[in-house]
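Reading through the structure tokens given below for one structure.
Quick caveat: nothing in here was measured; it's all calculated off a predicted structure. Start at 1 with the first residue, then count along the sequence.
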Amino acid sequence: MKLLTNLKKNRSYVVILLLTVLYALLLSANPVGDAYSNAFASQSGEDMFSPHHLLYAFYGNIILKLFGFLPFEPMTLLQLANAVVAGGCLLLIRRMLKRIHHEESFLCASVLFCGASFGFMRFATDNECYIVPLFFCLLSIYYLQVFLVRNSMSRLLKAAVAISFGCLFHQLSIIAWLCVFGVIVFNRNKKYPLAFLAVSLIVPICYFVATFSIFGSASLSDTVAFALTDYINGTAQMPQAKQVVLLTLVSLVRTFVQLHGYMFEFAKSNIVLTVVVLAGVATLIVFAIMKTKKNSLRNLILFQERRFVRMLWVYLILTFGFAAFSNGNAEFMIAIPFILVLLYSYYFSQSKNLLYLSCAMLLWNVYFGLYPQASQRLTPNEDIAELCRQNPNAIFVLKDKNVVENIYLYKYGKQNLPTLYREDKYSEQQYLKDKSEGKTIITDLVSAEETLGRAKLTSHANFDFSQVKNRQTLFEFSSCKCKRTVCKL
């Protein structure tokens with residue numbers, strides 16, 4: 001009885017535990033290209049320091065050394081590590097919310113909203129580098145929240161250390177750094193911003209050390225050039241007017257609920273269950289709307305509350321703005337559900353509408369998002385990587401060139417990696433040149449069918465391989481996401 005009473009009083013912890021277990025059980029069976037790249041760097045120790053997420057591969061290397069004795073593949077271990085850190089993110093948001101609301105029902109609903117958001121779920125189940133920096137950003141914001149009440153130097157220093165580590169795990173955390181520093185710099189006691197800046201020197205010092213370790217020498221200009229590598233060499237995409245609006249809106253929706261072309265094919269193969277899920281989601285949304293009518297606005301009385309809320313609004317605007325600037329990059333929106341739930345908690349006290357909405361999101365995202373990704377292979381990329389190993393002298397022209405290349409590196413290392421081309425980087429002239437030199441060409445672009453997604457909107461083939469005669473079919477692949485015929489030409 002005592003155990004049940006304690007669980008009831010702290011049921012938000014149970015929600016966090018269940019969500020963390022859910023992430024661990026539904027790890028992605030279709031890791032993205034960056035996940036394989038990160039795993040290769042962590043496993044091999046090569047290319048350990050990437051400019052825009054400096055410490056992530058190093059952190060992964062430590063994880064593999066500490067837990068490598070477990071009977072899991074390196075990729076699985078790194079995914080599990082992200083699932084655990086995702087649980088830590090939920091613990092932090094609960095801690096912040098607890099300072100505003102004491103009702104467990106509100107804490108449960110709020111934590112579930114964050115944990116059920118697809119933009120958070122997808123990274124909690126894969127080996128991408130966004131969950132760990134989010135944890136440090138939330139930790140820094142939590143210490144700032146406490147600092148505004150107590151004006152404690154120790155809290156400020158902890159906030160500075162946390163956000164500095166956030167920046168070292170991903171440069172996106174600079175947005176949170178600016179927001180936290182923006183609050184501290186207006187404090188009457190000027191030793192606070194100076195102390196914050198002094199601790200933040202951790203970041204440029206680490207970049208300087210990384211630059212020296214990679215190039216054997218380092219200067220201020222070299223360090224800056226290394227830190228901004230992705231912008232200098234064009235890897236980081238600049239905004240394109242035609243794509244910004246559409247991709248930003250789609251990415252914003254996908255931050256909360258899964259939205260992808262494969263969902264329609266997946267639904268067709270599970271008609272009865274899909275109808276049940278959709279009915280459940282619709283019912284929960286109706287309940288959420290009904291409860292919203294009874295919501296009342298809270299007044300922000302305390303000065304520190306108003307300062308903190310203003311910071312959250314700035315953080316939200318800057319996060320969304322930078323994501324839009326990056327052609328609607330969904331990865332950069334991962335913090336938005338957490339910011340919104342904090343803002344909601346300062347303005348409203350109703351939790352039932354949030355609970356129903358969160359349950360609807362959870363049902364939708366598990367069924368259309370986590371389950372298909374965990375239970376099915378959606379692309380033939382692993383098979384193509386094996387073909388690359390078997391045909392080191394061939395030229396490969398591929399739909400997912402970067403993903404296949406990273407799978408190859410992760411599984412087989414850098415030796416005997418064949419020449420790979422992305423579909424939009426291979427022309428008819430190059431094809432004629434390669435054939436005249438007697439080279440073997442292998443491609444998955446013959447009769448390729450792809451469901452609607454970001455890749456289909458942003459990348460197009462320059463050469464129609466279906467017009468090539470006398471091609472040899474190596475294998476065919478079909479899933480709810482794509483249909484591919486892999487051919488030798």
Side-chain angles (χ1 to χ4, degrees), residues 12 16 88-104 106-107 109-111 113-114 133-169 172-203 296-322 334-349 351 354:
S12 54
I16 292 171
C89 292
L90 298 178
L91 285 171
L92 282 173
I93 196 68
R94 181 201 178 275
R95 191 74 178 265
M96 281 188 271
L97 291 165
K98 183 75 172 177
R99 298 183 63 83
I100 311 163
H101 287 276
H102 297 287
E103 300 86 356
E104 274 295 308
F106 190 95
L107 297 177
S110 301
V111 165
F113 177 82
C114 294
L134 175 65
F135 173 84
F136 283 112
C137 288
L138 292 173
L139 183 60
S140 181
I141 291 170
Y142 164 70
Y143 284 129
L144 176 68
Q145 186 187 38
V146 179
F147 169 79
L148 289 174
V149 177
R150 300 180 184 176
N151 268 9
S152 164
M153 176 62 82
S154 65
R155 305 294 182 180
L156 179 136
L157 294 177
K158 289 176 181 177
V161 170
I163 198 59
S164 295
F165 272 99
C167 292
L168 291 171
F169 273 95
L172 180 65
S173 302
I174 291 172
I175 296 174
W177 185 94
L178 289 170
C179 293
V180 173
F181 181 67
V183 173
I184 293 170
V185 77
F186 289 108
N187 194 289
R188 292 178 182 177
N189 192 334
K190 295 307 175 187
K191 68 181 180 182
Y192 290 142
L194 290 176
F196 187 87
L197 287 173
V199 173
S200 298
L201 288 174
I202 295 170
V203 178
S296 57
L297 193 65
R298 292 176 66 235
N299 292 321
L300 299 178
I301 300 172
L302 300 177
F303 177 65
Q304 64 264 24
E305 281 190 333
R306 295 198 295 271
R307 290 180 69 191
F308 190 71
V309 167
R310 282 197 294 268
M311 184 276 292
L312 290 174
W313 278 111
V314 173
Y315 188 22
L316 177 64
I317 293 167
L318 289 178
T319 298
F320 180 76
F322 185 71
I334 186 172
I336 287 180
F338 291 82
I339 303 170
L340 287 179
V341 88
L342 281 171
L343 286 170
Y344 180 88
S345 67
Y346 275 105
Y347 287 116
F348 302 101
S349 56
S351 63
L354 191 60

Inset, instruction - Give the intermediate values and the outcome of side-chain contact (heavy atoms from CB on, under 4.5 Å) for residues Phe181 and Leu197. - result: CA-CA 8 Å; Phe181 181 67; Leu197 287 173; 3.7 Å; yes

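- The CG atom of Leu97 sits 7.0 Å away from atom SG of Cys114, with the distance rounded to the nearest 0.5 Å.
- Across all non-hydrogen atoms, the minimal contact from Pro337 to Phe113 is O-CE2, 3.8 Å.
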Legend entry - Residue pair Ile339, Thr319: steps toward the side-chain contact (heavy atoms from CB on, under 4.5 Å) verdict: CA-CA 10 Å; Ile339 303 170; Thr319 298; 4.2 Å; yes

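- For the pair Arg95/Leu138, no side-chain contact is recorded, criterion being any heavy-atom separation below 4.5 Å from C-beta on.
- When side chains are defined from C-beta on, Phe348 does not count as touching Leu354, because their heavy atoms never get closer than 4.5 Å.
- The shortest side-chain heavy-atom distance between Leu172 and Phe322 falls under the 4.5 Å cut-off.
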Inset, instruction - Could you give me the CA-CA distance, side-chain angles and deciding distance for Ile100 and Gln145, then say whether side-chain contact (heavy atoms from CB on, under 4.5 Å) is met? - result: CA-CA 10 Å; Ile100 311 163; Gln145 186 187 38; 4.0 Å; yes

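- Annotation: side chain of Leu156 is not in contact with side chain of Tyr143 (no heavy-atom distance under 4.5 Å).
- Aromatic rings from Tyr192 and Phe147 are positioned such that their centres are separated by under 6.0 Å.
- Rounding to the nearest 0.5 Å places CZ of Arg306 at 15.5 Å from CE of Met311.
- With values rounded to the nearest 0.5 angstrom, Phe165 atom CZ is found 11.5 Å from Phe135 atom CZ.
- Side-chain contact between Phe308 and Tyr346 is present, with heavy atoms from C-beta onward closer than 4.5 Å.
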Legend entry - Trace of the side-chain contact (heavy atoms from CB on, under 4.5 Å) decision for Ser110 with Tyr344: CA-CA 9 Å; Ser110 301; Tyr344 180 88; 5.5 Å; no

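- Not one N or O on the side chain of Ser140 forms a donor-acceptor pair closer than 3.5 Å with the backbone of Cys137.
- Between Ile141 atom CD1 and Leu312 atom CG the span is 6.5 Å, to the nearest 0.5 Å.
- Across all non-hydrogen atoms, the minimal contact from Lys190 to Val185 is NZ-O, 3.4 Å.
- The nearest pair of heavy atoms linking Pro133 to Ser173 is CB-OG, 3.5 Å.
- The two residues Asn187 and Arg307 make their nearest non-hydrogen contact at N-NH2, 4.5 Å.
- Within a 6.0 Å radius of CZ in Arg155, more than 12 heavy atoms belonging to other residues, nucleotides or ligands are found.
- Nearest heavy atom pair, residue His101 against residue Leu107, reads O-CD2, 3.9 Å.
- Counting only heavy atoms from C-beta outward, the side chains of Leu316 and Phe338 never approach each other to under 4.5 Å.
- Residue Leu342 holds its CG atom at 3.5 Å from CD1 of Ile93, rounded to the nearest 0.5 Å.
- Within the 6.0 Å centre-distance limit, the rings of Trp177 and Phe196 are counted as a close aromatic pair.
- A distance of 11.0 Å separates OG of Ser351 from CD of Glu104, quoted to the nearest 0.5 Å.
- You'll find the side chain of Val309 reaches within 4.5 Å of the side chain of Tyr347, heavy atoms only.
- Here the side chains of Leu144 and Ile184 are in contact, with some heavy-atom distance below 4.5 Å.
- Between Ser349 and Phe106 the shortest heavy-atom distance is O-CD1, 3.6 Å.
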